Amino acid sequence: MAEESYTERPLFGGAVSTSFPLRFQDVSDIRQVPDNQEAFVDPNRDESLIFELLEFKHDVHDNESATWFLQDLANEQDSEGCTLIEQSGVVEVPGLSFRNMPAIVTTAVGQMAVSKGRQGREAQNVVRVYLANIRLKEVGTDVVVTAYEPLVINPLSESASSVGAGLAVPALQSGLLSMSDVFKLAVSSFKVRDWNLFSPSA
């Protein structure tokens with residue numbers, strides 16, 4: 001693993017915390033982010049990390065929830081095909097328990113072609129997407145953690161001006177944590193510090 005400094009970061013007003021490298025900047029300093037979302041970006045690499053709180057999806061089975069959210073993301077971003085690379089089994093996380101009900105975590109990794117912002121399909125970049133679904137059933141919440149790692153930057157993409165077009169330089173080659181490791185760190189260090197975030201009666 002590359003040597004890169006990271007620190008615990010407060011999310012959602014400090015009700016949640018997790019750890020990831022300092023190079024990821026808070027997107028809300030640049031533009032508005034929805035209240036149910038915390039987003040961070042490394043502008044030099046066009047890598048991003050997003051934490052989202054969603055209403056619990058009762059009709060989605062635990063063993064396929066991460067894959068379901070990955071496909072939903074691909075549809076939402078008008079992606080041209082989403083290739084599933086790997087998916088994990090269901091893991092219980094006793095450290096994330098509410099009223100003795102442990103959280104359940106599944107992960108999925110996919111590859112898709114997506115455009116930045118309002119750019120059209122002609123400007124799509126090829127990205128690897130790491131997604132974890134932390135299911136907090138007792139408080140009716142699906143936490144979705146998504147990490148984006150660009151693999152190929154389209155010359156027409158607005159990203160090309162800041163990070164350059166063509167094959168992206170792997171993070172490890174630059175002495176940085178790989179996006180895969182950033183993702184694992186963020187998910188494994190995810191903690192709920194105030195359960196009232198999810199429900200006033202919690």
Side-chain angles (χ1 to χ4, degrees), residues 11-12 16 18 20 24-28 30-43 45-91 103-137 140-154 157-159 163 168 171 178-188 190 198:
L11 306 176
F12 303 105
V16 170
T18 184
F20 51 90
F24 287 89
Q25 301 168 13
D26 193 334
V27 173
S28 66
I30 307 156
R31 61 174 170 79
Q32 204 167 358
V33 172
D35 288 344
N36 70 323
Q37 202 180 83
E38 291 271 18
F40 301 85
V41 66
D42 175 354
R45 299 189 50 78
D46 204 32
E47 294 176 339
S48 54
L49 193 56
I50 297 168
F51 302 84
E52 234 176 328
L53 305 179
L54 302 170
E55 201 172 319
F56 189 81
K57 302 276 184 293
H58 291 278
D59 53 342
V60 177
H61 297 297
D62 290 343
N63 61 347
E64 58 192 37
S65 66
T67 312
W68 186 90
F69 279 108
L70 186 68
Q71 193 55 59
D72 186 57
L73 184 72
N75 296 340
E76 195 181 284
Q77 300 204 353
D78 195 24
S79 164
E80 213 151 285
C82 174
T83 307
L84 182 66
I85 296 169
E86 64 180 71
Q87 66 184 96
S88 74
V90 176
V91 180
I104 282 169
V105 180
T106 56
T107 62
V109 181
Q111 196 163 303
M112 57 182 87
V114 293
S115 308
K116 296 279 285 186
R118 293 189 171 83
Q119 289 196 292
R121 285 193 166 197
E122 72 285 346
Q124 285 183 328
N125 299 321
V126 178
V127 296
R128 182 158 291 168
V129 181
Y130 303 86
L131 187 145
N133 177 208
I134 303 169
R135 313 208 85 187
L136 305 175
K137 295 186 183 185
T141 303
D142 269 316
V143 180
V144 176
V145 182
T146 317
Y148 292 87
E149 176 185 21
L151 302 177
V152 182
I153 303 289
N154 189 312
S157 169
E158 61 186 48
S159 305
V163 298
S178 69
M179 216 40 205
S180 168
D181 285 336
V182 169
F183 171 72
K184 286 174 191 163
L185 175 65
V187 174
S188 63
F190 187 91
F198 307 102

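In this chain, residues are counted from 1 in sequence order. All values derive from a computational prediction rather than experimental measurement.
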Exercise for review: Look up atom CD in Gln37 and atom CD in Glu52, then write down how far apart they are to the nearest 0.5 Å.
Suggested key: 4.5 Å
Review point. Within the side chain of Thr106, is there an N or O that forms a donor-acceptor pair under 3.5 Å with the backbone of Asn63?
Key: no
Review point. Between Phe24 and Val182, does a side chain to side chain contact (heavy atoms under 4.5 Å, CB included) hold up when you go through it step by step?
Key: CA-CA 10 Å; Phe24 287 89; Val182 169; 4.0 Å; yes
Check your understanding: Between Phe20 and Leu185, what is the shortest heavy-atom contact and its length?
Key -> CA-CD2, 3.9 Å
Check your understanding: OH of Tyr130 to CG of Leu49: how many Å apart, nearest 0.5 Å?
Key -> 12.0 Å
Review point. Looking at Tyr148 and Val127, what are the two nearest heavy atoms and their distance?
Key: CD2-CG2, 4.4 Å
Review point. What pairs with Phe69 under ring-ring contact (aromatic ring centres under 6.0 Å, His included), at least two apart in sequence or on another chain?
Key: none
Revision key, fill the gap. Taken to the nearest 0.5 Å, the spacing of Leu70 CG from Asn75 CG works out to 10.0 Å
**Study point:** From Ser48 atom OG to Met179 atom CE, the distance as rounded to the nearest 0.5 Å
**Key:** 6.0 Å
Check your understanding: Measuring from Thr18:OG1 to Ile134:CD1, what's the distance to the nearest 0.5 Å?
Key -> 8.0 Å
Study note, to complete from the structure: Heavy-atom closest pair (Ala108 atom, Thr67 atom, distance to 0.1 Å) is CB-N, 4.0 Å
Check your understanding: With a 4.5 Å heavy-atom cut-off, do Trp68 and Asn133 have their side chains touching?
Key -> no
**Study point:** By salt bridge (Lys or Arg N to Asp or Glu O under 4.0 Å) - contacts of Lys137 (at least two apart)
**Key:** Asp62
Practice item. Kindly indicate whether the side chain of Val16, heavy atoms from C-beta on, has any atom under 4.5 Å from the side chain of Phe51. Key: no
**Study point:** 4.5 Å side-chain heavy-atom contact, Phe56 and Thr141
**Key:** no
Practice item. Kindly indicate whether the side chain of Leu53, heavy atoms from C-beta on, has any atom under 4.5 Å from the side chain of Val143. Key: yes
Check your understanding: Heavy-atom distance under 4.5 Å between the side chains of Lys184 and Thr107, does that happen here?
Key -> no
Point to revise | Side chain to side chain, Lys57 and Arg135, heavy atoms closer than 4.5 Å | key: yes
Review point. Are Val33 and Glu38 close enough that some pair of their side-chain heavy atoms sits under 4.5 Å apart?
Key: no
Point to revise | Ser65 side, atom OG; Leu131 side, atom CG - distance, nearest 0.5 Å | key: 8.5 Å
